[in-house]
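Data first, discussion second: the structure below is written as structure tokens.
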Amino acid sequence: LPAPRWPVECEVIQETIEHIEWVPPKPESFWPPMGLQQAPDTLSEEQGTVVYHSSPVLHSSCFTCARVGGAPGPLSSPAAPLKSPQDTTLLFESRFESGNLQKVIKVGPYEYVLTLRPDLYTAKYTQWFYFRVQNTRWEPLYRFTIANMAKPKSLYGQGLRPLLYSQQDAQSHGIGWRRVGTDVHYYRGSAGEPPVFRLSWTVCFPHDGDTCFFAACYPYTYSDLQRYLRALVADPARSRYCAVQALCRSLAGNTVYLLTITGPSSTAGKRVVVASACVHPGESGSSWAMRGFLDFLLSAHADARLLRRLFVFKVVPMLNPDGVVVGNSRCSLAGRDPNRAYRTALPDSFPGVWHLRAMVQRVLAEREVVLYCDFHGHSRKNNIFMYGCDTGGDGAGTRLRQRVFPLMLSKNAPDKFSFASCKFQVQKNKEGTGRVSMWRMGVSHSYTMEVAFSGSTLGGTSSHFSVEDLESLGRLLCDTLLDFCDPASAKVGSDLAQGALVPQGRGDTGTVPQLQQCLAEADALLRRQMGHELGSGGSWSDVSPSELES
């Protein structure tokens with residue numbers, strides 16, 4: 001598999017950055033939520049010293065060309081050198097895959113103000129961060145303040161804490177990424193327009209002289225995906241029912257991979273499930289959920305074998321590899337959000353989006369696509385939830401069915417998935433999304449699945465998602481697909497069950513939420529939402545989605 005290709009303006013260090021996987025022994029709790037706060041007492045940046053500054057010198061306002069290894073020639077030295085062995089200044093670095101940090105000002109002995117790099121070829125979208133620090137001391141309390149966060153509302157105001165990775169802890173104790181940070185604040189910074197917001201936290205490093213990393217979410221790089229696919233192709237068992245091919249090439253020439261997964265039997269009569277992830281590169285939790293989805297689907301589990309026998313799965317695990325490589329938050333190298341370009345996308349500007357849409361069109365000409373699910377991450381709402389498609393113009397049965405799959409998933413994952421947070425209104429500014437585009441093309445059940453950057457507030461606790469939690473979502477999605485398509489749905493009237501039947505099911509149908517029960521429950525929820533008592537004769541079917549969700 002070829003090495004990642006970078007825009008020629010980007011400097012890239014030669015070191016390979018890899019992290020071990022680790023699950024904390026107990027759930028990592030939220031920092032007490034503070035909401036949007038007042039600024040903490042910090043020193044002025046004007047009185048500080050620049051100790052790191054790395055920003056690509058763009059030759060053009062738009063992407064031109066790329067190469068393996070990024071910018072040719074010797075690397076610059078963005079970090080200020082240490083003055084002596086006693087110098088306690090931290091050494092920063094972000095010129096590696098998925099890294100993002102543009103500038104650091106030291107404003108106190110152990111206090112730093114950081115600036116994130118906007119998405120390449122834009123002046124905005126500052127949310128994702130991932131950088132390295134060296135020359136640590138374990139005794140002092142350090143404060144870090146990111147000075148240019150873009151969003152006025154953030155989960156950092158609701159208890160989200162940054163991630164820390166210690167290389168010494170990884171090598172000596174097998175400990176990987178963990179949540180850290182005390183005195184976590186999220187607040188408005190400058191009074192200018194557009195406003196910027198600040199994220200501030202304090203932390204003690206675990207060791208002297210350590211190499212540590214900070215990140216907004218568990219990093220999952222393009223190289224991580226390639227290593228996963230390399231192992232998959234080399235596995236004689238799993239590769240029997242999984243074909244890995246190139247859907248297309250990105251603007252930089254990185255491969256956008258397409259996986260076709262099905263059983264060894266004939267595909268005649270099989271319906272199709274389409275899944276995609278990481279159209280927004282800063283939403284790395286979606287990649288871990290996608291990996292869990294693939295792990296389960298390619299396993300020897302009886303339900304996985306049944307799914308492969310019933311369906312053909314078309315999976316694009318990383319729609320925006322260029323954005324992932326360069327450490328963008330939202331955009332591709334076109335400088336725009338690919339998940340707003342499905343209606344207008346040209347193959348030369350948004351190749352991943354264009355070729356995914358074209359592939360689904362070809363599939364729809366031959367067979368039914370029963371489900372499309374686009375995996376995302378969410379920076380402002382806790383838990384896991386879905387966005388569906390309901391314009392209010394369909395009959396009550398169709399509108400109910402839009403809500404049944406998320407309702408079933410909430411029953412399979414009651415400690416993670418919030419049905420109350422799901423929305424089904426199709427807003428005008430979302431017409432260019434994958435979810436709405438696939439639905440307009442004829443995919444009857446088309447969803448965006450949102451995974452919070454933070455974790456779950458369900459089940460009486462508030463704790464961060466671990467990698468294991470994110471991966472488990474993939475298995476739960478597979479479970480729900482079988483529940484949704486279980487033959488017990490034949491008991492439901494044909495007007496409600498249409499499109500939700502498969503010829504054969506699993507053996508444990510007595511223990512899963514049945515389609516009929518969930519349809520009735522969704523109807524009761526909507527009636528209650530409109531203030532109608534059951535049996536009162538009141539109807540919600542002529543109420544618009546915006547009214548239902550207001």
Chi angles and distances behind the side-chain contact (heavy atoms from CB on, under 4.5 Å) call for V23, V467
CA-CA 7 Å; V23 177; V467 165; 5.7 Å; no

In terms of ring plane angle, is the pair H376 and H280 parallel, tilted or perpendicular, where the classes change at 30° and 60°?
perpendicular

Under 3.5 Å, side chain of N328 to main-chain N/O of D119, donor-acceptor pair present?
no

Note: D374-R435 ion pair, threshold 4.0 Å (strictly below)
no

Provide the closest heavy-atom pair for S462 versus T457 in the form atom of the first, atom of the second, distance.
OG-CG2, 3.8 Å

Distance to the ring centre below 6.0 angstrom and angle to the axis at most 45 degrees; does that hold for R271 and F311?
no

Report the residues that fulfil salt bridge (charged side-chain N to carboxylate O under 4.0 Å, His left out) with D295, sequence neighbours left out, ordered by chain and then residue number.
none

Can you measure from SG (C389) to NZ (K423) and round to the nearest 0.5 angstrom?
15.0 Å

Can you tell me how far apart CD1 (I261) and CG (L232) are? Round to the nearest 0.5 Å.
7.5 Å

Nearest-0.5 Å distance, OG1 of residue T255 to CE of residue M318:
12.5 Å

Please check if the side chain of D224 supplies one atom and the backbone of T221 the other of a donor-acceptor pair under 3.5 Å.
yes

Option passing side chain to side chain contact (heavy atoms under 4.5 Å, CB included) with L319 (candidates C278, P281, P351, S276)
S276

Is there a donor-acceptor pair closer than 3.5 Å between any side-chain N or O of T136 and the backbone N or O of H207?
yes

Within the 4.5 Å heavy-atom criterion, are P317 and L225 side-chain neighbours or not?
yes

Is there a side chain to side chain donor-acceptor pair (under 3.5 Å) between S379 and Q127 once you walk through the steps?
CA-CA 9 Å; S379 66; Q127 176 175 281; 3.2 Å; yes

So, for Y447 and Y387, is the gap between ring centers shorter than 6.0 Å?
no

Might you point out which heavy atoms bring G263 and K270 nearest each other, and give the distance in Å?
N-NZ, 3.6 Å

Between the main-chain N or O of P414 and the side-chain N or O of S410, is there a donor-acceptor pair closer than 3.5 Å?
no

Quick one: closest heavy-atom pair of V436 and E431, and the distance?
CG1-OE1, 3.4 Å

Side chain of S349, backbone of L346: donor and acceptor closer than 3.5 Å?
no

Check: S154 side chain, Y156 main-chain N or O, donor-acceptor pair, under 3.5 Å:
yes

Indicate yes or no for a side-chain donor-acceptor contact from Q168 to the backbone of A170 under 3.5 Å, with no hydrogens or angles considered.
no

Check this for me: Q361, atom CD, are more than 12 non-hydrogen atoms of other residues, nucleotides or ligands nearer than 6.0 Å?
yes

F214 and W201 aromatic centres sub-6.0 Å
yes

Give a yes or no on whether a salt bridge exists between D169 and R178, defined as a side-chain N under 4.0 angstrom from a carboxylate O.
yes

Stepwise side-chain contact (heavy atoms from CB on, under 4.5 Å) test for F131 and E93:
CA-CA 6 Å; F131 57 89; E93 182 60 88; over 6 Å; no

Can you measure from CG (N100) to CZ (R95) and round to the nearest 0.5 angstrom?
14.0 Å

Would you say the rings of F453 and H378 are close, in the sense that their centroids are separated by under 6.0 Å?
no

Determine whether the aromatic ring centres of residues H19 and F213 are separated by less than 6.0 angstrom.
yes

Are N339 and F350 packed together at the side-chain level, in the sense that at least one heavy-atom pair is separated by less than 4.5 angstrom?
no

Can you tell me if R440 has over 12 outside heavy atoms packed within less than 6.0 Å of its CZ?
yes

Between D483 and T480, is any side-chain donor less than 3.5 angstrom from a side-chain acceptor?
no

Could you tell me which non-hydrogen atom of L155 sits nearest to which non-hydrogen atom of S454, and how far apart they are?
CD1-OG, 3.3 Å

Rounded distance [0.5 Å steps], CD1 in I384 versus SG in C422:
10.5 Å

Quick check: Y218 with W177 (ring centres under 6.0 Å apart)?
no

Is E15 salt-bridged to R132, going by a charged N under 4.0 Å from an acidic O?
yes

Parallel, tilted or perpendicular: which describes the rings of H445 and F484, with under 30° parallel and over 60° perpendicular?
perpendicular

Taking R367 for the side chain and T267 for the main chain, is one N or O donor matched with an acceptor at less than 3.5 Å?
yes

Flag side-chain contact, heavy atom, 4.5 Å: L259 against L229:
yes

Contact between L199 and F129 at the side-chain level, heavy atoms closer than 4.5 Å - yes or no?
yes

Taking atom CD of Q14 as the centre, report whether more than 12 heavy atoms of other residues, nucleotides or ligands fall under 6.0 Å from it.
no

Return the CG to CG distance between L481 and L371, rounded to the nearest 0.5 Å.
6.0 Å

Heavy atoms only: give me the nearest E450-G377 pair and the separation to one decimal.
OE1-O, 3.1 Å

Would you call R330 and T122 a side-chain contact if the rule is heavy atoms closer than 4.5 Å?
no

Would E11 and S54 count as a side chain to side chain donor-acceptor pair (under 3.5 Å) if you check the C-alpha gap in whole Å, the side-chain angles of each, and the deciding distance to 0.1 Å?
CA-CA 9 Å; E11 290 190 339; S54 175; 5.3 Å; no

Correct closest heavy-atom pair for R161 and V180 would be CB-O, 3.2 Å

Do we see a donor-acceptor contact under 3.5 Å between the side chains of E97 and S223?
yes

Between the side chain of Q134 and the main-chain N/O of G209, is any donor-acceptor distance below 3.5 Å?
no

Student check: side-chain heavy atoms of K416 and D469 closer than 4.5 Å:
yes

Is there a side-chain contact (heavy atoms from CB on, under 4.5 Å) between Y52 and L114? Walk through the geometry before answering.
CA-CA 9 Å; Y52 180 81; L114 288 59; over 6 Å; no

Can you confirm whether Q102 sits close enough to S94 that some side-chain heavy atom of one is under 4.5 Å from a side-chain heavy atom of the other?
no

Between S332 and D322, does any side-chain donor sit less than 3.5 Å from a side-chain acceptor?
no

Tell me, with the steps shown, if Q167 and C212 meet side-chain contact (heavy atoms from CB on, under 4.5 Å).
CA-CA 6 Å; Q167 211 147 279; C212 293; over 6 Å; no

Are any non-hydrogen side-chain atoms of V133 and L91 less than 4.5 angstrom apart?
no

Looking at E21 and R291, is there a salt bridge between them, counting it only when a charged N and a carboxylate O are closer than 4.0 Å?
yes

Quick one: does any side-chain atom of N383 pair with a main-chain N or O of S418 as donor and acceptor, under 3.5 Å?
no

Can a side-chain donor-acceptor contact be found between Y220 and S286 if the only test is distance below 3.5 angstrom?
no

